[in-house]
Amino acid sequence: MKVVILAGGFGTRILEESQYKPKPMVELGGKPILWHIMKLYSHYGFNDFIICAGYKQHVIKEYFADYFLHTSDITYDFTNGTNEMIVHQNNSERWRVTVVDTGLNTMTGGRLKRVRRYIGDESFMLTYGDGVCDVNIKELLQFHHSHGKIATLTSVIQKQQKGLLDIGEHGSVRSFREKNTNDGAAINAGFMVFQPEIFCYLKDDTTILETEPLERLAEESQLMSYQHSGFWQCMDTTREKDILERLWASGQAPWKVWGD
């Protein structure tokens, strides 16, 4: 199953970093937050990624172009008048990464629509490239397959202002709406699972996944919530980045479910 990661936004609220690179490439402990997200999925056996790039998309492409080189021990042998490269130890991941330029100003639903040809007609997972979580991906998938609906999103209880959910019995999402400054409820934390029918809800580059598509799915009883009680944190601001950096430096980052 493929994993789609939305990584094309401008990241204007963390401009100190994003003026030089896309927000998903901002580092935590010397690695982009995008890497941390991919490591979570990889821990559960999902290694086929589609990155929806946009703003400064070349930075993401260059990172993966050099990834094998940067994670291996290399000898460069010039003794025979040639440039022979000998790889002694390869520590790179067993990933397949497709990086797609989905446009500079494309909205989230539009970005997803643009990568349909790389997904095919199968179910897939999707998340945002700026949030880490310790959600059990296999249990999330089991939940998704158990209810037979088009979409599942992971919800967490936070006081932050994200897409708001009204959750009924058995995890059924009764309504979905965008943030309100006075709200404090279950929020959409990403880590979604979709059936291919989701593409029927996506019109063009102006489609915002979190508005009309998810709202329609909720109205049609086709959107379910996997309620996660563990750790989740987005990285919208420098303050939030500092929180995540401190957790990583402590050696007790909750989202690090993989081994060394």
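Values below: all heavy atoms of this structure, side chains included; hydrogens, waters and symmetry mates excluded.
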- Would you give the length of the straight line joining atom CE of Met107 to atom OG1 of Thr211, rounded to the nearest 0.5 angstrom? 10.0 Å
- Closest heavy-atom pair and its distance - Ile198, Ile150: N-CG2, 3.9 Å
- Task: For side chain to side chain contact (heavy atoms under 4.5 Å, CB included), just list the numbers for Leu34 and Tyr63, CA-CA rounded to whole Å, side-chain angles, deciding distance to a tenth of an Å, and then say yes or no.
- Result: CA-CA 11 Å; Leu34 178 63; Tyr63 175 77; 5.9 Å; no
- Message: Under 4.5 Å between side-chain heavy atoms, counting indirect links through other Ile/Leu/Val/Met/Phe/Trp/Tyr residues: same cluster for Phe68 and Trp95 or not?
- Response: no
- Query: Under a 4.5 Å side-chain heavy-atom rule over Ile, Leu, Val, Met, Phe, Trp and Tyr, are Trp258 and Leu140 clustered together?
  - Reply: yes
- Message: Would you say that Lys21 contacts Pro32 through its side chain, given a criterion of any heavy-atom pair below 4.5 Å between the two side chains?
- Response: no
- Partners meeting side chain to side chain contact (heavy atoms under 4.5 Å, CB included) with Ser172 (sequence neighbours left out): Met224
- Taking every non-hydrogen atom, the tightest pair across Thr108 and Glu210: OG1-OE1, 2.8 Å
- Note on the structure: Nearest heavy-atom approach of Phe46 to Met1 is CD2-O, 3.9 Å
- Query: What do you reckon, is NZ of Lys203 surrounded by more than 12 foreign heavy atoms closer than 6.0 Å?
  - Reply: no
- Does Trp232 reach the main-chain N or O of Ala189 with its side chain, forming a donor-acceptor pair under 3.5 Å? yes
- Task: Find the distance between CG (Asp205) and NZ (Lys113) and round it off to the nearest 0.5 Å.
- Result: 9.5 Å
- Excluding sequence neighbours, so at least two apart, what forms side chain to side chain contact (heavy atoms under 4.5 Å, CB included) with Phe78? Tyr76, Asn83
- Query: Any donor and acceptor pair, going by atom type alone, linking the side chain of His36 with main-chain N or O of Val132 inside 3.5 Å?
  - Reply: no
- Point-to-point distance, once rounded to the nearest 0.5 Å, from CD of Glu93 to OG of Ser42: 5.5 Å
- What distance do Tyr226 atom OH and Glu139 atom CD have between them, rounded to the nearest 0.5 Å? 4.5 Å
- Task: Return yes if some donor-acceptor pair links the side-chain N/O of Asp204 with the main-chain N/O of Thr206 below 3.5 Å, else return no.
- Result: yes
- Query: Do Ile50 and Arg96 have side chains that get closer than 4.5 Å, going by heavy atoms?
  - Reply: no
- Worked verdict on Lys23 versus Tyr55 for side chain to side chain contact (heavy atoms under 4.5 Å, CB included): CA-CA 9 Å; Lys23 185 164 64 167; Tyr55 172 68; over 6 Å; no
- Message: Check for me, please, whether Phe231 and Met38 land in the same ILVMFWY cluster - side-chain distances under 4.5 Å, paths through other members count.
- Response: yes
- Message: Using the rule given for side chain to side chain contact (heavy atoms under 4.5 Å, CB included), can you reason through Val135 versus Val156, listing the C-alpha separation, both sets of side-chain angles and the distance that settles it, and then say yes or no?
- Response: CA-CA 10 Å; Val135 61; Val156 295; over 6 Å; no
- With Ile243, which of Lys241, Arg239, Glu245 fulfils side-chain contact (heavy atoms from CB on, under 4.5 Å)? Arg239
- Message: So which atom in Val99 and which in Ala53 form the shortest heavy-atom distance, rounded to 0.1 Å?
- Response: CG1-CB, 4.0 Å
- Query: For the atom pair CD (Glu122) and NZ (Lys2), what is the distance rounded to the nearest 0.5 Å?
  - Reply: 4.0 Å
- Query: Short question: side chain of Lys149, backbone of Ser221 - any donor-acceptor pair under 3.5 Å?
  - Reply: yes
- Note on the structure: Closest heavy-atom pair, Asp130 versus Ile37, reported as atoms and distance to 0.1 Å, is N-CD1, 3.9 Å
- Query: Does the side chain of Gln222 come within less than 4.5 Å of Arg216's, by heavy atoms?
  - Reply: no
- Task: Evaluate the side chain to side chain contact (heavy atoms under 4.5 Å, CB included) criterion for residues Leu209 and Leu202: first the C-alpha distance (whole Å), next the side-chain angles of each, then the deciding distance (0.1 Å), finally the verdict.
- Result: CA-CA 8 Å; Leu209 179 65; Leu202 308 177; 4.2 Å; yes
- Task: May I have the step-by-step check of side-chain hydrogen bond (donor to acceptor under 3.5 Å, both in side chains) for Asn136 and His228, ending in yes or no?
- Result: CA-CA 9 Å; Asn136 186 309; His228 177 60; over 6 Å; no
- Query: Are the side chains of Phe194 and Leu153 in touch, meaning some heavy atoms are under 4.5 Å apart?
  - Reply: no
- Item | Given Tyr118, Tyr41, Phe199, the one that forms ring-ring contact (aromatic ring centres under 6.0 Å, His included) with Phe124 | Phe199
- Close side-chain approach of Val3 to Ile137, heavy-atom, < 4.5 Å: no
- Message: Are Phe49 and Ile5 packed together at the side-chain level, in the sense that at least one heavy-atom pair is separated by less than 4.5 angstrom?
- Response: yes
- Do the charged groups of Asp101 and Arg114 touch, with an N to O distance under 4.0 Å? no
- Nearest heavy-atom neighbours spanning Cys133 and Trp255: O-CB, 3.4 Å
- Query: If you round to the nearest 0.5 Å, how far is SG of Cys52 from CD of Gln57?
  - Reply: 12.5 Å
- Query: If two hydrophobic side chains count as joined below 4.5 Å and joins carry through other members, does Tyr67 share a cluster with Leu69?
  - Reply: no
- Task: Check for a donor-acceptor pair, side chain of Glu240 on one end and backbone N or O of Asp236 on the other, with a separation under 3.5 Å.
- Result: yes
- Message: Going by side-chain contact (heavy atoms from CB on, under 4.5 Å), Ile51 matches just one of Val100, Thr98, Ile60. Which one?
- Response: Ile60
- Message: Quick one about Tyr201 and Glu220 (side-chain donor to acceptor, distance below 3.5 Å, no hydrogens or angles considered), yes or no?
- Response: yes
- Task: Give a yes-or-no answer on whether the side chains of Thr79 and Asp77 include a donor-acceptor pair shorter than 3.5 Å.
- Result: yes
- Query: Do Ile208 and Glu212 touch side chain to side chain, with heavy atoms closer than 4.5 Å?
  - Reply: no
- Message: Tell me if a side-chain donor or acceptor on Arg111 pairs with a main-chain N or O of Gly103 at a distance below 3.5 Å.
- Response: yes
